[in-house]
Amino acid sequence: MNLNPDLIASHNAGGQSQHQRKLASWTDLVEQAETVIQKLVDFQIAIPSWALGTGGTRFGRFPGGGEPRSLEEKIADVGLLHALNRASGAISLHIPWDIPTDPNATKQLAASYGLAFDAVNSNTFQDQPGAPQPEQGGGPSQLSYKFGSLQHVDPAVRRQAVEHNIEVIRHGVALGSNALTVWLSDGSSFPGQLNFRKAFERTLDSLQEIYAALPDDWKVFVEYKAFEPNFYSMTVGDWGSSYLYATKLGPKAYTLVDLGHHLPNANIEQIVAILLNEGKLGGFHFNDSKYGDDDLTAGSIKPYQLFLIFNELIDGMDARQMNHAQDLGWMIDASHNVKDPLEDLLQSVEAIQLAYAQALLVDRVALDEAREANDVVRAQEILQDAFRTDVRPLVAEARLRAGGALNPLALFRELNVRQQLIGERGAKTVATGL
Ligand code: LRH
Ligand code: MN
């Protein structure tokens, strides 16, 4: 939906005085505030094309209405988010859920909303609709991924999966993307089912064929995941195996950290610090979770963990003189059940910006002194002081300077966007994806 800038301007005019009052609390820290605000303006978070509908859970789905029916409508929805918060300037496509049949038109449409294309995602965890199944005497055209894809015992299935990934790269090149994300549901459900060593070697061989097809300026992100219901093992099951694949593949291969893909109580901020220190951290799928891969709103369950992750990111990226906005893949990966997908994504972007802004406030010189002095209390106080600082006025100011809304969620509701989308698209539309 094209948002008339006047609507944002009148919303901001209404909130200006309250905003200035809140911002006033930062007047004696102007220099630091300006640094944080500028970094926030530059910091763009990619929105997943597969999280614009109400995917529900495996037990039930409760559609909210007005869901995008096409890639074009998905781009319009991400364009709306970006118009509201000026921090969602990219869309990450999942293929074949969102095949850009006319890439030039798709690229122009996205550009008209100020959107770029972030990493493209392959999908060898589902058999493609209409693909004849081998059991049903299906033709050679489509082989099933029932027993995996890049790890499969049948070289023909591995071949098909490699071809799919190369096709996804082709779509990405046409859209101006420069990264491929590979997440595999490959693994096993029962002890004895899989030869772990062969599965690893076959997956590596297949990834090497995909790696060889990458354009020079591209990256491949190997996304790991510890478990899914019904799984006994996953072939890319943790950061260690992802790091192994990325290291064996070469300099264009990196690990991708999806916050929901860890065993309970994993210390994700430590994993991030180590992968960054090795120069093998490629990017993130931000979300939050209480138990499994819940794909909930970022920062909604463990906001301190999100802050600690950004604290390690800033420490590690600055140590490598990396550009915060450009040098890692910042993407959300979520699915929705009881919330409006667009409201949920607005909340996730805000939570990520807040964690980043708070982590930028950490006095790293004092923290290092405290650590070198084993002053545990002082070190903890320095971190918690930053985490307990209300940076919302800085995030709002960054939005304001970038032409966005002071309060995107409030404006989304004031404008009754969901009702407008239901009016345009209907109450029963179903978006492809999760
Ligand atoms: C797997 C995952 C992966 C995507 C999928 C939609 O759980 O996180 O990133 O391919 O979700
Ligand atoms: Mn993910």
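Nothing here was measured: the structure is a model prediction, and the numbers come from that model. Both ligands and their constituent atoms are indexed starting at 1 by order of listing.
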Inset, instruction - Give a rough value, rounded to 10 degrees, for the angle at the Mn ion (ligand 2) between atoms OE2 of E223 and ND1 of H285. - result: 90°
Inset, instruction - Could you name the option among K225, H94, H261, H285 that has the heavy atom nearest to atom 4 (C) of ligand 1? - result: H94
Inset, instruction - Among all protein heavy atoms, pick out the one at the shortest distance from atom 2 (C) of ligand 1; state its residue, atom name and that distance to 0.1 Å. - result: D333 OD2, 3.3 Å
Legend entry - Ligand-side contact atoms (ligand 1) for residue partner F125, heavy atom cut-off under 4.0 Å: 10 (O)
Legend entry - K219 NZ/CZ over Y254 ring centroid, <6.0 Å and within 45° of normal: yes
Inset, instruction - Specify the protein heavy atom at minimum distance from atom 9 (O) of ligand 1: its residue, its atom name, and the distance to 0.1 Å. - result: E223 OE1, 2.6 Å
Legend entry - Pair N104, Q108: side-chain N/O donor-acceptor within cut-off below 3.5 Å: no
Inset, instruction - Can you sort out which atoms of ligand 1 are near W50, meaning under 4.0 Å from one of its heavy atoms? - result: 6 (C)
Legend entry - Part of D293 with heavy atoms under 4.0 Å of ligand 1, whether side chain, backbone, both or neither: side chain
Inset, instruction - Would you mind naming the N, O or S atom of D258 nearest to the Mn ion (ligand 2)? - result: OD2
Legend entry - Main-chain N/O of T54 paired with R61 side-chain donor or acceptor, under 3.5 Å: yes
Legend entry - Of D315, T389, I314, I382, the residue whose pairing with V362 passes side chain to side chain contact (heavy atoms under 4.5 Å, CB included): I382
Legend entry - Proximity of F43 and Y356 rings by center, below 6.0 Å: yes
Inset, instruction - Please work out which of the three classes, parallel, tilted or perpendicular, describes the rings of H94 and W97, given edges at 30° and 60°. - result: tilted
Inset, instruction - Tell me whether D333 has at least one N, O or S atom under 2.8 Å from the Mn ion (ligand 2). - result: yes
Inset, instruction - Could you name each residue pair satisfying ring pair (Phe, Tyr, Trp, His ring centres under 6.0 Å) that touches residues 213-233, not counting sequence neighbours? - result: Y224-H262
Inset, instruction - Report yes if some N/O of D258 lies less than 3.5 Å from some N/O of ligand 1; otherwise report no. - result: yes
